[in-house]
Amino acid sequence: MTTELTRLSAADLAGRIHARDTTAVEVTQAHLDRIAAVDRAVHAFLYVDADAALAAAAAVDNRLRCGDPPASPLAGVPLALKDVFATVDMPTTCGSRILQGWRPPYDATVTRRLREAGVVILGKTNMDEFAMGSSTENSAYGPTRNPWDLDRVPGGSGGGSAAAVAAFQVPLAIGTDTGGSIRQPSAVTGTVGVKPTYGGVSRYGLVAFSSSLDQGGPVARTVLDAALLHEVIGGYDALDSTSIDAPVPPVAQAARAGAAGDLAGVRVGVVSQFRGEGYQPGVLRAFDVAVSRLRELGAHVIEVSCRSFDHALPAYYLISPSECSSNLARFDGMRYGLRVGDDSSRSAEEVMSLTREAGFGPEVKRRIMLGTYALSAGYYDAYYGQAQRVRTLIIRDFAAAFERVDVLVSPTAPTTAFRLGERVGDPLAMYLSDLCTIPVNLAGNAALSVPAGLSDDDGLPVGLQVMAPALADDRAYRVAAAYEVARNAADGPLAHRVPDLTEDRLPPPSIAEVVGR
Amino acid sequence: MPTISRDEVAHLARLARLAVTEEELDLFASQLEMILTSVARVSEVAAVDIPPTSHAVGLTNVFRADAPHPGLTQQQALSGAYATEDGRFRVPRILDES
């Protein structure tokens, strides 16, 4: 019974809880049991608070027992929160030693909205330090492993959230996507991950990496579940000055409409830049099959060229480090977090430098220095200024494409999940993981990744990326839901083919092993 | 092709308040040069008459209502502090007193 509960979608779980066929406490306990059984192998979580989760679930049950309506369509459903969102009752580390054990004095808006909606937060998930990475190996607390193959990475930076959903530890999770950190992990773990339009989900209480790109969003096993979660966390927030003061796009309605399986009249553009060198043949074959399914659903498919997308990756690796070098200046060991070398003889500046040296991992230091360089006098216009101009070109290419088509599609990532350690020593190889996802971050529009079967190269999940114009997130949901229904009808739900992890081996490596590499 | 010397990395580390080790100086010098070489082509693609984009979804004049609202209490603000004294953050010396 309890294992069965963990196999259900969030929508089904909510339906049963609200109809009082089961209780939120029972559902929460089933997922806590699953975490206890498999997280030693997967290491998706940095922190689990079973007591608080059961208390939150009991509150939902009490309310229903009194005859009150559920607080939201997801009331009583368990969720895992990426450890980059502030939570007053749980540590918020961002996968960094500099924030080890830190408890924020306030909740992020996303955290608050989840609580108000009766969503049961089970714990905080592992991530690349400060969301910088594509494999979750940059966490100071050891890597997360891919439930499809424990020797492989779950993508990143939100590998913990994606792996937790793929391993049936939770039906829902929250991630953040600065260059692909929701979509790329979803692609390589066979889950659904959405980057909403920039400004669609509040960034208040989301620890900043690159402020003009960061965006929170849902992770789930079905398109409808992602949409329901999107509606809980989305919407205007006066506490975030970049929040868009407009209604949340009708994404749940679009997901339900799409599930009818009819894409007649929908124009789909295949981005011609997203294939060729660096793309695994099995990924491209799975993508081509996905595109033919869209055609079978009635979509009109054409090829679209977006030439500026070739320059997105270099522009991103100037803009995001620049913003990161500025944002991470706040971690100075003075008001909160780690402090190193305070021996009453050293100056504040010396203590600051020793603290940051000890508290940050190699990728974070690399990006801080890269950003410091790109913003320095004499280089500013050649690097940061030019990267911002490239951003304008990318926005123009998207605008031209969306005059001809309703959505654009591509593989979500050029490869399936790679092996742990394979790209750790080669930053440029790691950066290529986000080749297909970065243009959307630079332009600020919406995109998602939906499972597109397994690669015939290695039997690992491939993601189909669906990109929509800004504020038209619902279009991506509609197309993804139609595709999901067709793919499930042909091959069965992908998520249920993940290996049984309960018999598995491999304890996570110790912190010392990881830090010492 | 941009080149970046070990001295330049040491300077960047000082600006960024990172007490990097000798080994890190060597590692970062080669890695930063490699990364900068691969991103340098952005300076050739966009002409100067293209306006830069700083925010993807442009919003202007975002103001909140000019009304008082509570902030953190002193206790909340100090809750994560490494050291406090008299209800304030205790920090290492900020001036050279020796």
Side-chain angles (χ1 to χ4, degrees), chain A residues 102-106 197-199 212-213 238 241-242 244 308 311 314-315 317-318 325 332-337 339 342 344 346-354 356-357 360 362 365-366 368-370 372-373 376 382-383 385-393 395 427-428 442-445 470, chain B residues 2 4 8-9 11-21 24 27-28 31-32 34-36 38-59 62-65 72-73 75-83 89-98:
Chain A
W102 178 61
R103 286 186 189 240
Y106 60 90
T197 296
Y198 180 82
S212 75
L213 304 169
S241 64
T242 57
I244 296 169
S308 68
H311 308 297
Y317 277 99
L318 289 166
S325 70
D332 55 10
M334 296 297 124
R335 291 150 302 161
Y336 54 92
R339 184 184 291 182
D342 184 4
S344 76
R346 288 195 180 95
S347 70
E349 206 171 301
E350 288 167 323
V351 168
M352 211 178 277
S353 300
L354 290 168
R356 288 163 62 81
E357 169 66 13
F360 291 139
K365 289 180 199 171
R366 208 154 32 230
I368 288 174
M369 287 199 275
L370 191 58
T372 305
Y373 180 86
S376 7
Y383 289 116
Q386 282 299 99
Q388 287 185 306
R389 290 188 177 93
V390 169
R391 206 165 170 177
T392 306
L393 295 178
I395 290 172
L428 285 176
L442 293 174
N445 54 320
Chain B
I4 184 156
E8 222 169 342
V9 175
H11 177 62
L12 290 172
R14 267 195 304 280
L15 290 175
R17 304 287 183 270
L18 291 166
V20 293
T21 63
E24 280 180 316
L27 178 72
F28 289 139
Q31 287 180 337
L32 291 182
M34 188 175 70
I35 295 166
L36 285 168
S38 81
V39 300
R41 61 190 156 102
V42 300
S43 58
E44 294 142 31
V45 279
V48 282
D49 59 341
I50 310 273
T53 297
S54 62
H55 280 75
V57 178
L59 301 170
V62 177
F63 298 116
R64 63 169 168 77
L72 297 179
T73 63
Q75 198 184 0
Q76 284 173 324
L78 292 171
S79 63
Y82 175 86
F89 297 102
R90 191 192 64 73
V91 299
R93 66 180 169 82
I94 54 167
L95 299 172
D96 195 358
E97 289 164 347
S98 53

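Chain naming here is simple, since letters A, B, ... match the order of the sequence lines and numbering starts at 1 in each.
Using a 4.5 Å cut-off between heavy atoms, Leu72(B) contacts chain A through its side chain alone, with no backbone atom that close. Of the atoms belonging to Gln76(B), heavy atoms from both backbone and side chain fall under 4.5 Å from chain A. With a 4.5 Å cut-off on non-hydrogen atoms, Arg90(B) touches chain A through its backbone and its side chain both. With a 4.5 angstrom heavy-atom cutoff, Ser344(A) does not touch chain B via any of its atoms. When heavy atoms are compared at a cutoff of 4.5 Å, Ile35(B) approaches chain A by way of both its backbone and its side chain. Contact annotation for Thr21(B): both backbone and side-chain heavy atoms come within less than 4.5 Å of a heavy atom of chain A. Proximity to chain A is limited to the side chain of Ser79(B), based on heavy atoms less than 4.5 angstrom apart. Looking at Ala238(A), there are no atoms closer than 4.5 Å to chain B (heavy atoms on both sides), in backbone or side chain. Contact of Glu8(B) with chain A is made through the side chain alone, with heavy-atom distances under 4.5 Å.
Most heavy-atom pairs under 4.5 Å with chain B: of the set Ser212(A), Ser308(A), Ser347(A), Gly199(A), this distinction falls to Ser347(A). Contact count against chain B (heavy-atom pairs under 4.5 Å) is highest for Leu318(A) among Leu318(A), Leu354(A), Thr197(A). Chain B forms more heavy-atom pairs under 4.5 Å with one residue of Leu442(A), Thr372(A), Leu213(A) than with any other, namely Thr372(A). Taking Met334(A), Glu357(A), Met352(A) one by one and counting their heavy-atom pairs under 4.5 Å with chain B, the maximum is reached by Glu357(A). Counting heavy-atom pairs closer than 4.5 Å to chain A, the top residue among Tyr82(B), Phe89(B), Phe63(B) is Tyr82(B). Comparing Ala19(B), Ala13(B), Gly80(B) by how many heavy-atom pairs each has under 4.5 Å with chain A, the most go to Ala19(B). Chain B forms the most heavy-atom pairs under 4.5 Å with one residue out of Arg346(A), Arg103(A), Met369(A), and that residue is Met369(A). Across Arg391(A), Arg356(A), Arg339(A), the residue that shares the most heavy-atom pairs under 4.5 angstrom with chain B is Arg339(A).
From Arg64(B), atom CZ reaches atom OG of Ser241(A) across 11.5 Å, with rounding to the nearest 0.5 Å. Of the inter-residue distances, the one linking Arg17(B) atom CZ with Glu349(A) atom CD reads 4.0 Å to the nearest 0.5 angstrom. The OG atom of Ser376(A) lies 6.0 Å from the CG atom of Leu12(B); values are rounded to the nearest 0.5 Å. To the nearest 0.5 Å, atoms CZ (Phe360(A)) and CG (Leu18(B)) are separated by 7.0 Å. Separating the NZ atom in Lys365(A) from the CG atom in Leu32(B) is a distance of 12.5 Å, to the nearest 0.5 Å. Taken to the nearest 0.5 Å, the CZ atom of Arg389(A) stands 10.5 Å off from the OG1 atom of Thr53(B).
Closest approach of Pro314(A) and Ser38(B) over heavy atoms only: CB-O, 4.1 Å. In terms of heavy atoms, Val351(A) sits closest to Pro92(B) at CG2-CG, 3.6 Å. Closest non-hydrogen pair, Val39(B) versus Tyr317(A), comes out as CG1-CB, 4.0 Å. When every heavy atom of Ser43(B) is checked against every heavy atom of Ala382(A), the shortest pair comes out as CB-O, 3.5 Å.
Taking the side chain as every heavy atom from C-beta outward, Leu370(A) and Leu36(B) approach each other to under 4.5 Å.
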